[in-house]
Amino acid sequence: MVLKNVLLIVKDIERSRRFYQEVLGLMVTADLGRKVLFAGGIVLEESPPWEDSLEISAVYGGNDMELYFETLDVEAFRERLVASDFHMEFLGGWDEDENEVIRFYDPDRHVIEVKRAFC
């Protein structure tokens, strides 16, 4: 068995696509309308088709998983976050003792962690 993608359910596909492209810098590999695939294996799907197919409601902000990224310049990334037109909700403080780690919510309250890369 091979893991192919991680699917995140979102309320507004255009808002979430813009966030993942503009703020996180991910490249779109396929745009299927209500589903967008990014290089690296992240897939966003707007909630109605997913909820309809499973006959359940999406729950946002479960705080039970996170997407983990690394960057060479965490401070520059943090400045880009703050300067974006997205309201950023940070989790915990700016922790230089933890090798410059930032944790925050994406627009649908999925937890994102960005840490300084060492290579």
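Since we're looking at a predicted model, the values are computed, not measured. Every heavy atom of this structure was used, including side-chain atoms; hydrogens, water molecules and symmetry mates were not.
- Checked by atom type, the side-chain pair Ser16/Asp108 shows a donor-acceptor distance below 3.5 Å.
- Summarising the geometry, atom CG belonging to Leu44 is positioned 14.0 Å from atom CZ belonging to Arg34; distances are rounded to the nearest 0.5 Å.
- In terms of the side-chain contact (heavy atoms from CB on, under 4.5 Å) criterion, residue partners of Met65 (sequence neighbours excluded) are, by chain and number, Leu8, Leu67.
- One hydrophobic cluster, built from ILVMFWY side chains closer than 4.5 Å, holds both Phe104 and Leu26.
- A pairwise comparison of heavy atoms in Ile13 and Glu46 identifies N-OE2, 3.0 Å as the closest pair.
- Checking side-chain atoms of Arg80 against main-chain N and O of Val23 turns up a donor-acceptor pair under 3.5 Å.
- Met88 and Val82 fall within a single hydrophobic cluster, where Ile, Leu, Val, Met, Phe, Trp and Tyr side chains are chained together by heavy-atom contacts under 4.5 Å.
- One hydrophobic cluster, built from ILVMFWY side chains closer than 4.5 Å, cannot hold both Phe69 and Leu37; they sit in different ones.
- Thr29 OG1 to Asn5 CG: the interatomic distance, rounded to the nearest 0.5 Å, is 8.0 Å.
- Looking only at side-chain heavy atoms (C-beta outward), Ile112 and Leu24 come within less than 4.5 Å of each other.
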I would like to know whether Arg109 and Glu89 meet salt bridge (Lys or Arg N to Asp or Glu O under 4.0 Å); could you show each step before the answer?
-> CA-CA 9 Å; Arg109 298 189 58 81; Glu89 184 178 346; 2.7 Å; yes
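- Distance check, rounded to the nearest 0.5 Å: CD1 of Ile9 to CD of Glu51 gives 8.0 Å.
- Here the side chains of Lys35 and Val43 are in contact, with some heavy-atom distance below 4.5 Å.
- Side chains of Glu22 and Ser84 form no contact here, defined as non-hydrogen atoms less than 4.5 Å apart.
- In terms of the salt bridge (Lys or Arg N to Asp or Glu O under 4.0 Å) criterion, Asp73 has no residue partners (sequence neighbours excluded).
- By the rule that hydrophobic residues join a cluster once side-chain heavy atoms approach within less than 4.5 Å of another member, Leu7 and Phe38 end up as members of separate clusters.
- Minimum interatomic distance between His110 and Val10 (heavy atoms only, all atoms of both residues): CE1-CG1, 4.3 Å.
- Take Asp64 and apply the salt bridge (Lys or Arg N to Asp or Glu O under 4.0 Å) test, not counting sequence neighbours, and it matches no residue.
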Which atom pairs, donor and acceptor, lie under 3.5 Å between side-chain atoms of residues 53-60 and protein residues at least two apart or in another chain?
unit_1: Ser53; atom_1: OG; unit_2: Pro49; atom_2: O; d: 3.4
unit_1: Ser53; atom_1: OG; unit_2: Trp50; atom_2: O; d: 3.0

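- For Asp12 and Arg17, the salt-bridge test fails: no basic side-chain N is under 4.0 Å from an acidic carboxylate O.
- Between Glu100 and Lys115, the closest side-chain pair of non-hydrogen atoms is not below 4.5 Å.
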Test side-chain contact (heavy atoms from CB on, under 4.5 Å) on Arg116 and Thr71 and set out the steps.
-> CA-CA 5 Å; Arg116 183 169 61 90; Thr71 183; over 6 Å; no
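- Phe19 pairs by the ring-ring contact (aromatic ring centres under 6.0 Å, His included) definition with Phe86, not counting sequence neighbours.
- A donor-acceptor pair under 3.5 Å is absent between the side-chain atoms of Ser47 and the main chain of Lys11, judged by distance alone.
- Using a 4.0 Å cut-off between charged side-chain N and carboxylate O, Arg15 and Asp85 make no salt bridge.
- Transitive grouping of hydrophobic side chains (ILVMFWY, heavy atoms separated by less than 4.5 Å) brings Tyr20 and Phe90 into a common cluster.
- Taking the side-chain contact (heavy atoms from CB on, under 4.5 Å) definition, one finds that Glu70 meets it with Tyr68, Ala117, sequence neighbours left out.
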